[in-house]
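Written out below as structure tokens is the structure these notes cover.
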Amino acid sequence: MAHETEKQNAAAAAMEFVEDGMTIGLGTGSTAKYFVELLADEIADGLIVRCIETSNQTRDLAHSLGVPLIPFEQVDRIHLTVDGADEAGPGGVLIKGGGAALLREKIIANASDHMVVIADPTKDVQSIGAFPLPVEVTPFGYTITAKKVHDALVAAGVERPRVELRKAPRSTELLVTDGGNYILDCHCGLIPDPPKAAAFLSGTPGVVEHGLFIGIARTVIFGTETGARIIEY
Ligand code: 5RP
């Protein structure tokens, strides 16, 4: 397993932001999993929180560990969300969605008072775009939408983007997200102007959401072998 100590240390550092009585958004992925496990330990020791999950995968994990979940409809305030990222760049700009959960992750992070990102140091980048940008699209018209997404990225200054439909793991079938949509993985190499790319993608019919998180994360924690490096925005 890669970078497990760094992921665990990032998750442990995020526990410092947890307070009794909070409503907490639970992220998705291998780093967020460590946070859910640590939270479950604290809950077993008496911590009182209620949580909301960003994916079916995290819902199942929370259930298995006895972490209390509430339906989103019953949530009036989310105090804290802790989630992973595929890239975290200057200004706290993120690429997310490697685990195909970007839509719910963005809704929940954006609705939170405080988003804390936890990641191993390989996610710490100086420019955004080496990781293929996930874009969630409706199944209806997805082939045309894929072309329009390509054009939107070119218009935003990306050189020769390659847009690929994501397949389900170990399958030739297309991956279907928890929301019933498809994912386009956009190989950009470099996204020179992330706000412009975000605006152009959001303006493309058929795009449900994209994996650029801009101005949402307030804290980014990179785990190290011995602790964590915390950046506040
Ligand atoms: C899921 C995500 C994950 O947070 C992201 O892929 C990072 O995952 P990991 O911690 O396993 O590297 O955005 O949609």
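One-based numbering, in listed order, for ligands and for the atoms of each.
- When heavy-atom distances to ligand 1 are checked against a 4.0 Å cut-off, S55 has no atom that comes that close, whether in backbone or side chain.
- The contact set between ligand 1 and G98, taken as ligand atoms under 4.0 Å from a residue heavy atom, comprises 6 (O), 13 (O), 14 (O).
- In this view, D120 and H3, E6, K7, T122, K123 satisfy the side chain to side chain contact (heavy atoms under 4.5 Å, CB included) rule, not counting sequence neighbours.
- Proximity of A119 to ligand 1, defined as any heavy-atom pair under 4.0 Å, is not found for any part of the residue.
- For ligand 1, the atoms lying closer than 4.0 Å to a non-hydrogen atom of G99 are 1 (C), 2 (C), 6 (O), 14 (O).
- Not close to ligand 1: K33, with no non-hydrogen atom less than 4.0 angstrom away.
- Between A101, A88, A85, it is A85 that holds the heavy atom closest to atom 7 (C) of ligand 1.
- For ligand 1, the atoms lying closer than 4.0 Å to a non-hydrogen atom of D83 are 4 (O).
- Taking hydrophobic clusters as Ile, Leu, Val, Met, Phe, Trp and Tyr residues chained together by side-chain heavy-atom distances below 4.5 Å, V163 shares a cluster with F131.
- With K106 contributing its side chain and H210 its backbone, the two residues share a donor-acceptor pair below 3.5 Å.
- Scanning the protein for heavy atoms near atom 12 (O) of ligand 1, the closest one is K123 NZ, 2.6 Å.
- Of all protein heavy atoms, the one closest to atom 8 (O) of ligand 1 is G29 CA, 4.1 Å.
- Residue-to-ligand polar distances place S30 within reach of ligand 1: an N/O pair is separated by less than 3.5 Å.
- Other residues, nucleotides and ligands contribute only 12 or fewer heavy atoms inside 6.0 Å of the CD1 atom of I48.
- If you chain together ILVMFWY residues whose side-chain heavy atoms come under 4.5 Å of each other, V49 ends up grouped with M15, F17, V18, M22, I24, L26, F35, V36, L38, L39, I43, L47, L61, L65, V67, L69, L80, V82, V116, I118, I221, I230.
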(message) Between L184 and Y142, does the side chain to side chain contact (heavy atoms under 4.5 Å, CB included) criterion hold? Intermediate values first, please.
(response) CA-CA 9 Å; L184 301 174; Y142 71 90; 5.6 Å; no

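- A donor-acceptor pair under 3.5 Å is absent between the side-chain atoms of R166 and the main chain of P134, judged by distance alone.
- Under the 4.0 angstrom criterion for non-hydrogen atoms, A100 is in contact with ligand 1.
- With respect to atom 5 (C) of ligand 1, the closest heavy atom belonging to the protein is D86 OD1, 3.2 Å.
- Environment of CD in E232: crowded, with over 12 heavy atoms of neighbouring residues, nucleotides or ligands closer than 6.0 Å.
- Of the protein's non-hydrogen atoms, the one nearest atom 3 (C) of ligand 1 is T28 O, 3.2 Å.
- For ligand 1, the atoms sitting less than 4.0 Å from at least one non-hydrogen atom of G84 are 4 (O), numbered in the order shown with element in parentheses.
- When each atom of ligand 1 is checked for a heavy atom of E105 under 4.0 Å away, the hits are 1 (C), 2 (C), 4 (O), 13 (O), 14 (O).
- By the criterion of a heavy-atom distance under 4.0 Å, neither the backbone nor the side chain of D120 is placed next to ligand 1.
- Put simply, the residue from T81, T28, D83 that forms a side chain to side chain donor-acceptor pair (under 3.5 Å) with T54 is T28.
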(message) What verdict does the side chain to side chain contact (heavy atoms under 4.5 Å, CB included) test give for E164 and H187, after you've listed the backbone C-alpha separation in whole Å, the side-chain angles of each residue and the deciding distance to 0.1 Å?
(response) CA-CA 8 Å; E164 229 173 43; H187 299 256; 3.3 Å; yes

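- Of the protein's non-hydrogen atoms, T31 OG1, 2.6 Å is the one closest to atom 10 (O) of ligand 1.
- With hydrophobic clusters built from ILVMFWY side chains whose heavy atoms lie under 4.5 angstrom apart, I144 does not share a cluster with V208.
- Contact atoms of ligand 1 toward G97: 2 (C), 13 (O), 14 (O) (distance under 4.0 Å to a heavy atom of the residue).
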